[in-house]
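Take this structure, written in C-alpha cells, and hold onto it; I'll ask about it next.
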Amino acid sequence: MKMSKLFVQTLREVPSDAEVISHQLLVRAGYIRKLTSGVYNFLPLMWKVLKKVENIIRDEMDKAGAQELLMPFVQPKELWEESGRWGAYGGELMRLKDRHGREMCLGPTHEEIITSIARDGLKSYKQLPVNLYQIQSKFRDERRPRFGLLRGREFIMKDAYSFASSQEDLEKEYQNMWQAYTNIFNRCGLATKAVQSDSGAIGGNVSHEFMVITDTDAGENDVFYCDDCDYAANSNHAISKLPQAVIDGAGYFNKTEIVSTPNCHSIEQLAEFLKIQPTLILKSLVYIIDKKPVIALIRADKAAEETKLLNAVGGLEIRIATSEEIAEVMANHGFKAVPGFIGPKGMSDLTIIADETVKDMKNFVVGVNETDVHMVGANLSDLGITDLKYADIRLVEAGEFCPQCGKPLKVTRGIEVGNIFQLGTKYSKPMNGVYLDTDGIAKPYIMGCYGIGVTRTAAAAVEAHHDEYGIKWPLAIAPYHVIVVPVSEKEEQQVAVANKIYEELRSSGIEAVLDDRDERPGVKFKDADLIGFPFRITVGKTIAEGNVEFVTRSTNEKLVIKPEEAISRVIEAVKNIK
RNA sequence: CGGGACGUAGCGCAGCUUGGUAGCGUACCACCUUGGGGUGGUGGGGGUCGCAGGUUCAAAUCCUGUCGUUCCGACCA
C-alpha cells in the first residue's frame, strides 16, 4: 500500500472527548472515528487489526474443536421471555419494535439464540459435547459508555457456547477454552491473568475473567492476587483472611448501655470519641435492592462489596440508599435517626444481611436509630433481631491475606478481555433445551459460555503497548508489518531503493507500506510512530554507503544495515508469528 | 438514573459578560521555500454558530424549551 493512498488522517491534537490513552491514540492515528456515543467507525487500519485478532481467535477456537457459525443481530422478544431475561435484563438490552409492533432486541449476547438452535439440532447424547462460536457485533446500551473501544455500546465479540451431557464434560471443555484463551492472548501480545469472578445473581457457578493487567484508569477492575500461589480474583469475588483484631469490647464496656455520642456521624468520629478501634463498631448500611431497602451489617473497619451483597440477596439491581430514602425507612419504623446512628434494631421486617465479620464480634458498639446516641457493649441478642442472614459481603483490601496460602494479597487494575463461564442448565432448563440420554430420558444440556471482546482486546493492546509518540503494535496484530520511508522524494536514489525494498517485501508476502508522500521526514517519522508500524526501513543519506536504517518500534532500537538484511529481518520476524 | 461541564469549519479552541461584517491554530487546495523528527511564507476553499421557539430594528451573544456530548457515582466482553 502506498501511504499517499492509505485511508488515514492523523491528528496533531488529542480529541477533547478521549480520556484514556488507547482512545486518544486510536483516534489520533486514524484508526477509529466516533459516530455517536459508544459507537465507532472502524476505519481501514482498525479493521485490519480487528481481522487479525479475529483470525487468531478463529485459529485457536477451531484448533480447540469449536465450530464457527453466525447468528442474527436482531432477536425476537419471545426467546428472551422463555429464558426469563426479557424482564431480568435491564436497560442495557436495546429494545425496539418492527413495523408490525413486534418487540425485538439487539443482541447483547446469544444464549437464547444458541439454545434455540441447539434444541432443534442436538437431540442425542451421541452428538455431545459440542462447542459453537461466532464473531459478531454486539450492542449493549451501557449506562455510561466511556474509554473509547474499552467500553463501547456496539462492539465486536467472540462468543462461544458449549453443550455437554455431564458436568465432567463441561469442566473438560472449560479447561480446553482456558487453554485456548491463554494461547489467543499470548499470540495477540498480551499478558493476561485468569481471575475468579462473580458469576451473576443466579447460581453459584464457576467463572473466570482474563485480565490484561494495566495499572491505569483504563483498567476498570480491581484484581486481587497472590504472588506466592495462583490465587487471583476480581474484587467482586475475592475473599481473604483478616489479620487479628480486637473484636470483643468486654474490656472497654462494663455493661450494655446507651451512651451519648453527640455529632459522631462517621465511624472515625465515633471511634475517636469512644477511644476504641473501629473493629468494635458494627456498621449498618442501607441499600436499595430491586427497589426494596436492605440492611447490611459489617465490622466498621471494612467496606461492603455491592456485588457480593446483591448475590447474597439474590437481587438484580443494587445501589446505596439516598439520605431521603434512609429517612423514609426510619419513619416507617417509628424512628427518626440520621445516618451515622442507624442500626438493625426494630428492622426485622426488612432483609438484614450480616457479613461474616459480624459473627465473632462481641460487646460491640451499634447505632439504635436514635440520633446522637449509640449502644455500647452490645450483642446481636440485645437488638431483638429475629431474622438475620450471614454472608461474605466484605470488600477485600490489599494487605489482607491470601485465602489459599496466607501470604499478603496484592491489588492491581485490569482490563477484562475475556471470560469463561460454567452456565450449567441456566438456559437449557427454562428453554427446554434437552437431549435424550443413554437411559432414554430427556435431560437439559449442561452449558458453558466463553466470551472475548475483540475490539476491547485491540484497545487493551494499545493500552499495554505504546509510548509518548504513539502505538507499538505487537507484530501479530499490527495493521501492517513495516513501513518503508524514503527521506526525500526529491532524491532519486532514495526513492528508487525504497521502491525496490517495498516491492521485494511485498513479493515475500510482507504487509508493507511505502511512504511516497512528498512530506518532510519529520512528518513521515511522526506518522509512522503514531500509527505504530512494528518496523520502519528508512532510506536516507546512508544509502551512499549502501545502508538503510532499520528501526524496531517496540524498542525504538535503530540499526544501520544493508537493505537485504533489513528485508530478511522483517521476513524472519513475520515468519515467527505464523 | 442522580450530580457537574460543554455544543462555533474535519480536529483543537476564542468570541458571548456589554446584541450590530463569524475569527485563530491545525487539517485541506495552489504556488514559493525547506529537506533526518509535525520547515517557513503568500493566496485560497470550507461554518443553517446543535435544534426549536421567544425578546429585539438587529441574536453565536439575552430568555425558554429541547436534543446531543462529556466528566464523577451503581453494571459488563
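Chain letters run A, B, ... following the sequence lines, proteins first, then strands; residues in each count from 1.
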Select base, sugar-phosphate, or nothing to describe what A/T109 touches, counting heavy atoms under 4.0 Å on all strands.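 Nothing: the residue A/T109, judged by heavy atoms under 4.0 Å, touches no strand.
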May I ask you to test the A/V539-A/V485 pair for a side-chain heavy-atom distance under 4.5 Å?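 The answer is no; the side chains never approach within 4.5 Å.
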If you only use heavy atoms from C-beta on, which nucleotide in B/G36, B/C75, B/G38 is closest to the side chain of A/E220?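 Of the options given, the side chain of A/E220 lies nearest B/C75.
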Using every non-hydrogen atom in the two residues, find where A/H23 and A/D17 come nearest and quote the distance to one decimal.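 Heavy atoms of A/H23 and A/D17 come nearest at CE1-O, 3.7 Å.
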Watson-Crick/G-U partner (both atom distances under 3.5 Å) of B/C6: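 The answer is B/G68, by the H-bond criterion.
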What does A/E519 touch in the nucleic acid at a heavy-atom separation under 4.0 angstrom: a base, only the sugar-phosphate, or nothing?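 Base, at least one base heavy atom under 4.0 Å.
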So for A/R517 and B/G35, does any side-chain atom that can act as donor or acceptor lie under 3.5 Å from a complementary atom in the base?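 It does not, because no donor-acceptor pair links the side chain of A/R517 to the base of B/G35 below 3.5 Å.
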Quick one: label A/D518 by what it contacts on the DNA or RNA (base, sugar-phosphate, nothing), any heavy atom closer than 4.0 Å.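 Result for A/D518 = base.
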Among A/Q179, A/H208, A/Q422, which residue meets the side-chain hydrogen bond (donor to acceptor under 3.5 Å, both in side chains) test with A/Y174?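 For A/Y174, the side-chain hydrogen bond (donor to acceptor under 3.5 Å, both in side chains) test succeeds with only one of A/Q179, A/H208, A/Q422, which is A/H208.
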Looking for any heavy atom pair under 4.0 Å, which part of the strands does A/G152 touch: base, sugar-phosphate only, or nothing?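 The residue A/G152 makes base contact.
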Evaluation steps, ring pair (Phe, Tyr, Trp, His ring centres under 6.0 Å), between A/H465 and A/W473: CA-CA 6 Å; A/H465 304 289; A/W473 287 114; 8.9 Å; no
Interatomic distance at P, B/U56 relative to B/A74, whole Å: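 About 49 Å, rounded to a whole number of Å.
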With sugar-phosphate meaning primed atoms plus P, OP1 and OP2, does A/N221 contact a base, only sugar-phosphate, or nothing at under 4.0 Å between heavy atoms?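 Base, at least one base atom sits under 4.0 Å.
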Name the nucleic acid region contacted by A/G418, choosing base, sugar-phosphate or nothing; use a 4.0 angstrom heavy-atom cut-off, strictly under.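 Answer is sugar-phosphate: A/G418 comes under 4.0 Å of backbone atoms only.
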Suppose you measure atom P in B/C71 against the same atom in B/U64; what distance do you get, rounded to whole Å?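 Straight-line distance between the two P atoms is 27 Å.
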pair A/Y133-A/L69: side-chain heavy atoms closer than 4.5 Å: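 In short, these two side chains do not touch, never coming nearer than 4.5 Å.
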Distance between P atoms of B/C6 and B/A22 (Å, rounded):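 My reading of the P atoms in B/C6 and B/A22 gives 25 Å.
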Using the C1' atom as the point on both nucleotides, what is the distance between B/G19 and B/G46, in whole Å?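 Those two atoms are separated by 27 Å.
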Mind checking A/R153 for me? I need base, sugar-phosphate or nothing, with any heavy atom below 4.0 Å counting as a touch.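 Answer is nothing: A/R153 stays at 4.0 Å or more from every strand.
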Check A/K283 against A/A303 and note the closest heavy-atom contact, atom names and distance.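 It is NZ-CA, 4.3 Å.
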Aromatic stack A/F525/B/G36: centroid gap under 5.5 Å, interplanar angle under 30°: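 Aromatic stack with B/G36 absent for A/F525.
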Students often get this wrong, so: under 4.0 angstrom with heavy atoms, is A/D529 touching a base, only sugar-phosphate, or nothing?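 Answer is base: heavy atoms of A/D529 come under 4.0 Å of a base.
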A/E306 bridged to A/R319 by N-O distance under 4.0 Å: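 So A/E306 does not pair with A/R319 through a salt bridge.
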Pairing partner (Watson-Crick or G-U wobble, both distances under 3.5 angstrom) of B/C1: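 Paired with B/C1, as far as the under-3.5 Å criterion goes, is B/G73.
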Is it true that A/E154 and A/R140 make a salt bridge, defined as a side-chain N closer than 4.0 Å to a carboxylate O?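 No, A/E154 and A/R140 are not salt-bridged.
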Classify the nucleic acid contact of A/R151 as base, sugar-phosphate or nothing, counting any heavy atom under 4.0 Å across all strands shown.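 Base, at least one base heavy atom under 4.0 Å.
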Protein heavy-atom contacts under 4.0 Å, written 5' to 3' over nucleotides 5-16 of chain B as B (base), S (sugar-phosphate only) or - (none), form the string -----SSSS---
When the C1' atoms of B/G53 and B/G15 are compared, how many Å lie between them, rounded to an integer?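 So the two C1' atoms sit 25 Å from each other.
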Any chance you could lay out the side-chain hydrogen bond (donor to acceptor under 3.5 Å, both in side chains) test for A/Q75 and A/H110, step after step, and finish with the verdict? CA-CA 9 Å; A/Q75 310 179 2; A/H110 280 67; 3.0 Å; yes
Go through B/G36, B/C71, B/A77 for me and flag the one nearest to the A/R146 side chain.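 The answer is B/C71.
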Which part of the nucleic acid, if any, lies within reach of A/T36 when heavy atoms closer than 4.0 Å are counted: base, sugar-phosphate only, or nothing?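 Since only primed, P, OP1 and OP2 atoms lie under 4.0 Å of A/T36, the category is sugar-phosphate.
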For B/A59, the Watson-Crick or wobble partner whose two distances fall under 3.5 Å: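 Partner of B/A59: none found under 3.5 Å.
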Rounded distance (nearest 0.5 Å) linking atom CD of A/E305 with atom CG of A/D392: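 Between A/E305 CD and A/D392 CG, I get 9.0 Å after rounding to 0.5 Å.
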On RNA chain B, compare the nucleotides closest to A/G38 and A/V417; which residue's is nearer the 5' end?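 First, find each residue's nearest nucleotide; the 5'-ward one identifies A/G38.
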From B/G36, B/A77, B/U69, nucleotide with atom closest to A/N419 side chain: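 Closest of the options to the side chain of A/N419: B/A77.
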Considering every strand and a 4.0 Å limit on heavy-atom distances, what is the contact class for A/E491: base, sugar-phosphate, or nothing?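 Nothing: the residue A/E491, judged by heavy atoms under 4.0 Å, touches no strand.
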For B/A5 and B/C63, measure between their P atoms and round to the nearest Å.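 14 Å, rounded to whole Å.
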A quick test of your reading: do over 12 heavy atoms of other residues, nucleotides or ligands sit less than 6.0 Å from OH of A/Y89?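 Counting other residues, nucleotides and ligands, OH of A/Y89 exceeds 12 neighbours.
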Could you go over nucleotides 45-47 of chain B and give all protein N or O partners under 3.5 Å, atom names and distances?
none

Distance, rounded to the nearest Å, where A/R143 contributes CZ and B/C71 contributes C1':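 It is 17 Å, rounded to the nearest whole Å.
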In whole Å, I'd like the distance from the CD1 atom of A/I543 to the C1' atom of B/G35.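 So the CD1-C1' distance, A/I543 to B/G35, works out to 17 Å.
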Can you work out whether A/N236 or A/V539 has the more 5'-proximal nearest nucleotide on RNA chain B?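 The answer here is A/V539.
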Is A/K138 touching bases, backbone alone, or none of the nucleic acid, heavy atoms closer than 4.0 Å?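 Since no nucleic acid heavy atom lies under 4.0 Å of A/K138, the category is nothing.
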Is it the case that B/U34 (base atoms only) and A/R520 (side chain only) share a donor and an acceptor within less than 3.5 Å, ignoring hydrogens and angles?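 Pair found.
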